[in-house]
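Reviewing the structure listed below.
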Amino acid sequence: MEKILVVEDEPSIATLLKYNLEKSGFRVSTASDGQKGLEMAMEDRPDLMILDLMLPGMDGMDICKTLRQEKVDIPILMLTARDDEFDKVLGLELGADDYLTKPFSPREVVARVRAILRRTKSSAEQSVPVDQHAEPKLELGRLVIYPERYEALLDGEKIELTPKEFELLLYLANNEGKVLSRTQLLDAIWNYDFVGDSRIVDVHISNLREKIEEDTRRPLYIKTIRGFGYKMERP
C-alpha cells in the first residue's frame, strides 16, 4: 500500500484529502506546518507528497527546494490557492511533479496521485541492472535513452530526471527532426487541460537543457523553432 504524505494547514482540506485517499486504498499521514512536513518527508520517505504552497513556518516552495537539494526524489503534487502562473511555474522549476489549483475535486486529486505513482513505479521497476545491449534504446550522439526503465545517460552517466522531464525527453526523441508545438507537447505529456499554461513546457525544456546541453544558449539537442515550438536533433 503506497504511503501519501499530505502537508496542508487547513484542517478541512487535510481531512478531505485524507478521507478520499484512504478510501482509494492509500495509507495517509498528515502534517499541518511546513517544518513538520519536511521532517516527515525526510524521515518516512513516502511514495508521494501532496504539498500546499502556503504553509506556516516553511512554505511549500522552500520544502520542495530543500528536498531536491538533498536529492530526495519523492514525487510532489503541489496545491495552490492562487490562480497565478508564476507560482505554478516556479513550483515546477523547483522540482514539483504536478500541481492543482484550489478549489479542486477529490476525484481529480486521486487521479493525479495515481498517474504520478504509475510513472514513478514504472521508473523504479525498470531501474534494475539489466543487459543494456539487449534492451530497446534510443541513441542520439552522446545521449542514450532507455524507454523501458525510464533512464537516460549522457556520456555513460545517468541523468537525474523527474518523470515529466523523462516523458518529455522521450517524446522529443521519438519525434526526432519534427517541429512540435507547445500545444502538441501539452497534449502528449500533460494529458489534461492546461489551456494558457504553455509556459510549463518552456520550464521543462529549460530544465532538460540544463541537464543535457553543454551550453544552454547554443543547444545541440533541443532546438527552439521560433514561432512554432521545439525540435530534437541529433548532434
Side-chain angles (χ1 to χ4, degrees), residues 1-68 70-84 87-92 94-127 150 161-167 189-194 197 200 204:
M1 183 183 294
E2 289 104 333
K3 297 183 297 181
I4 309 296
L5 171 60
V6 175
V7 187
E8 168 61 63
D9 64 321
E10 294 185 43
S12 59
I13 295 178
T15 300
L16 180 68
L17 290 170
K18 181 177 172 65
Y19 171 78
N20 283 276
L21 288 165
E22 288 181 339
K23 186 179 176 182
S24 300
F26 298 105
R27 185 152 50 96
V28 182
S29 56
T30 63
S32 58
D33 67 82
Q35 188 60 45
K36 181 63 175 177
L38 177 62
E39 291 171 2
M40 291 176 67
M42 298 288 285
E43 293 172 6
D44 300 339
R45 299 298 173 101
D47 296 292
L48 182 140
M49 175 189 286
I50 298 178
L51 179 62
D52 190 25
L53 176 64
M54 301 301 293
L55 292 165
M58 186 179 194
D59 68 24
M61 294 293 188
D62 288 335
I63 293 171
C64 190
K65 184 178 180 180
T66 300
L67 289 173
R68 295 314 185 226
E70 295 295 324
K71 306 299 182 185
V72 177
D73 58 355
I74 298 168
I76 296 172
L77 173 59
M78 187 167 282
L79 304 179
T80 173
R82 306 175 188 172
D83 190 14
D84 186 334
D87 284 337
K88 300 168 187 175
V89 170
L90 182 56
L92 293 168
L94 292 175
D97 295 270
D98 203 350
Y99 72 86
L100 272 174
T101 301
K102 298 176 184 178
F104 47 76
S105 72
R107 180 178 297 180
E108 184 174 12
V109 174
V110 172
R112 297 283 186 96
V113 165
R114 284 178 169 157
I116 295 170
L117 288 173
R118 276 197 302 271
R119 292 194 299 268
T120 54
K121 183 177 180 181
S122 176
S123 176
E125 288 176 348
Q126 299 300 337
S127 293
Y150 269 53
L161 299 171
T162 67
K164 283 295 187 190
E165 288 170 357
F166 181 85
E167 290 181 28
I189 309 303
W190 292 267
N191 56 351
Y192 38 80
D193 190 8
F194 268 84
D197 285 343
I200 292 170
H204 281 73

Can you tell me how far the [atom1] atom of [X] sits from the [atom2] atom of [Y], to the nearest 0.5 Å?
X	Y	atom1	atom2	answer
I189	F166	CD1	CZ	10.5 Å
K18	I4	NZ	CD1	11.5 Å
I74	I116	CD1	CD1	13.0 Å
M40	M42	CE	CE	14.0 Å
E43	L5	CD	CG	11.0 Å
L51	L38	CG	CG	9.5 Å

Under a 4.5 Å cut-off applied to non-hydrogen side-chain atoms, are [X] and [Y] in contact?
X	Y	value
E8	I50	no
L16	V109	no
K102	D52	yes
M58	T66	yes
D9	D33	no
F26	R114	yes
L67	M49	yes

(request) Please assess K164 against D98 for the test salt bridge (Lys or Arg N to Asp or Glu O under 4.0 Å), listing each intermediate value before the final yes or no. (result) CA-CA 9 Å; K164 283 295 187 190; D98 203 350; 5.6 Å; no
(request) Mind checking side chain to side chain donor-acceptor pair (under 3.5 Å) for E70 and listing every partner two or more places apart, or none if nothing turns up? (result) none
(message) More than 12 heavy atoms of other residues, nucleotides or ligands under 6.0 Å from OH of Y19: yes or no?
(response) no
(message) Can you confirm whether more than 12 heavy atoms, excluding those of K3, are under 6.0 Å from its NZ atom?
(response) yes
Taking all atoms of both residues into account, what is the closest heavy-atom pair of [X] and [Y], and its distance?
X	Y	result
L55	G60	CD1-N, 4.2 Å
C64	A96	SG-N, 3.5 Å
P46	A41	CD-O, 3.8 Å
S24	N20	OG-O, 2.9 Å

(message) Run D47 and L117 through side chain to side chain contact (heavy atoms under 4.5 Å, CB included) and show every step you take.
(response) CA-CA 8 Å; D47 296 292; L117 288 173; 4.0 Å; yes
(message) Looking at D44 and K36, is any side-chain nitrogen of the basic one under 4.0 Å from a carboxylate oxygen of the acidic one?
(response) no
(request) Assess whether side chain to side chain contact (heavy atoms under 4.5 Å, CB included) is satisfied between L48 and E2, documenting all intermediate values. (result) CA-CA 8 Å; L48 182 140; E2 289 104 333; over 6 Å; no
(message) Any side-chain to backbone donor/acceptor pair from R112 onto Y99? Under 3.5 Å, distance only.
(response) yes
(request) Applying side-chain contact (heavy atoms from CB on, under 4.5 Å) between T101 and each of L79, T80, L53, report the one that passes. (result) T80
